[in-house]
Q: 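Questions regarding the structure given below will be posed in turn.
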Amino acid sequence: MGKTIVCPCHDVTVEDIRATYAAGYTHPETLKRATAAFMGPCQGKHCAGAVMSLLRELTGEPAGEPVTRRPTARPPLRPVALGLLAAAAEAGPEAGPEARPETGTEAGGTGAAGATTGGA
């Protein structure tokens with residue numbers, strides 16, 4: 001019998017969710033941390049419905065009743081150009097914050113436009 005994948009970004013299967021739930025991770029937030037569901041590039045857009053439905057089944061809640069809210073997606077505080085992140089990574093943690101390029105529009109960054117186009 002094949003595996004049913006509920007989170008295609010991280011290859012999380014129905015059995016992974018069931019085993020994690022049985023191990024005591026019964027809240028969507030703890031399931032997220034234990035399985036990485038909701039944490040892929042789609043931020044749960046592809047798996048949230050399936051994972052929440054499975055969680056509803058595991059808890060015995062009626063289909064119309066939400067078990068709890070799904071985990072919150074936490075976007076960056078403000079857009080950051082990819083080139084700035086790469087430069088910060090190259091500088092390394094030992095360089096300290098003063099050696100790293102500033103991010104955001106207040107420091108001459110490109111803001112939202114740079115976040116979509118990157119640059120390095």
Q: When hydrophobic residues are tied together by side-chain contacts of less than 4.5 Å, even through go-betweens, does Val51 share a cluster with Leu58?
A: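 Yes, it is one cluster - the side chains of Val51 and Leu58 are joined through contacts under 4.5 Å.
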Q: With a 4.5 Å limit on heavy-atom distance, are the side chains of Pro28 and Met52 in contact?
A: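 When only atoms from C-beta onward are counted, Met52 and Pro28 do touch, with a gap below 4.5 Å.
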Q: Is there a side-chain contact between Leu54 and Val14 in this structure, where contact means two heavy atoms from C-beta onward sitting under 4.5 Å apart?
A: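 Yes, close enough: below the 4.5 Å cut-off.
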Q: Measure from the side-chain N and O atoms of His10 to the backbone N and O of Val12, and report whether any donor-acceptor pair falls under 3.5 Å.
A: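 Not confirmed, His10 side chain does not pair with Val12 backbone.
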Q: For Thr30 versus Thr26, what's the shortest heavy-atom pair and its separation?
A: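 Smallest heavy-atom distance, with atoms named: OG1-N, 3.6 Å.
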Q: Can you pull out every salt bridge (charged side-chain N to carboxylate O under 4.0 Å, His left out) where at least one residue sits in residues 82-92? Sequence neighbours excluded, please.
A: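 Every pair satisfying salt bridge (charged side-chain N to carboxylate O under 4.0 Å, His left out) with a residue in residues 82-92: there are none.
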Q: From Ile17 CD1 over to Cys47 SG, what is the distance, rounded to the nearest 0.5 angstrom?
A: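 Spacing of CD1 (Ile17) from SG (Cys47) equals 8.0 Å.
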Q: Nearest heavy-atom pair of Cys7 and Phe38: which atoms, and what distance?
A: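 Nearest pair, atom of Cys7 first, then Phe38: SG-N, 4.4 Å.
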Q: Kindly write out the residues that satisfy side chain to side chain contact (heavy atoms under 4.5 Å, CB included) with Thr13, not counting sequence neighbours, or none if the list is empty.
A: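 With sequence neighbours excluded, Thr13 shows a side chain to side chain contact (heavy atoms under 4.5 Å, CB included) to Lys3, Ile5, Glu15, Asp16, given in chain and number order.
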Q: Please list, chain by chain and in numerical order, all residues satisfying side chain to side chain contact (heavy atoms under 4.5 Å, CB included) with Ala50, sequence neighbours excluded.
A: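 Scan of Ala50 (side chain to side chain contact (heavy atoms under 4.5 Å, CB included), adjacent residues dropped) gives Val6.
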Q: Could you tell me whether the side chain of Glu57 reaches within less than 4.5 Å of the side chain of Arg18, counting heavy atoms only?
A: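 Counting from C-beta outward, Arg18 and Glu57 do come under 4.5 Å.
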Q: Mind listing the closest non-hydrogen atom pair of Tyr21 and Thr59 along with its distance?
A: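 Nearest pair, atom of Tyr21 first, then Thr59: OH-CG2, 3.4 Å.
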Q: Measure the spacing between CE of Met39 and SG of Cys9 and express it to the nearest 0.5 Å.
A: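 If we round to the nearest 0.5 Å, Met39:CE and Cys9:SG are 11.5 Å apart.
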Q: So, for Lys32 and Ala37, which heavy atoms are closest and what is the spacing to 0.1 Å?
A: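 Distance-wise, the nearest heavy atoms are CG-O, 3.4 Å.
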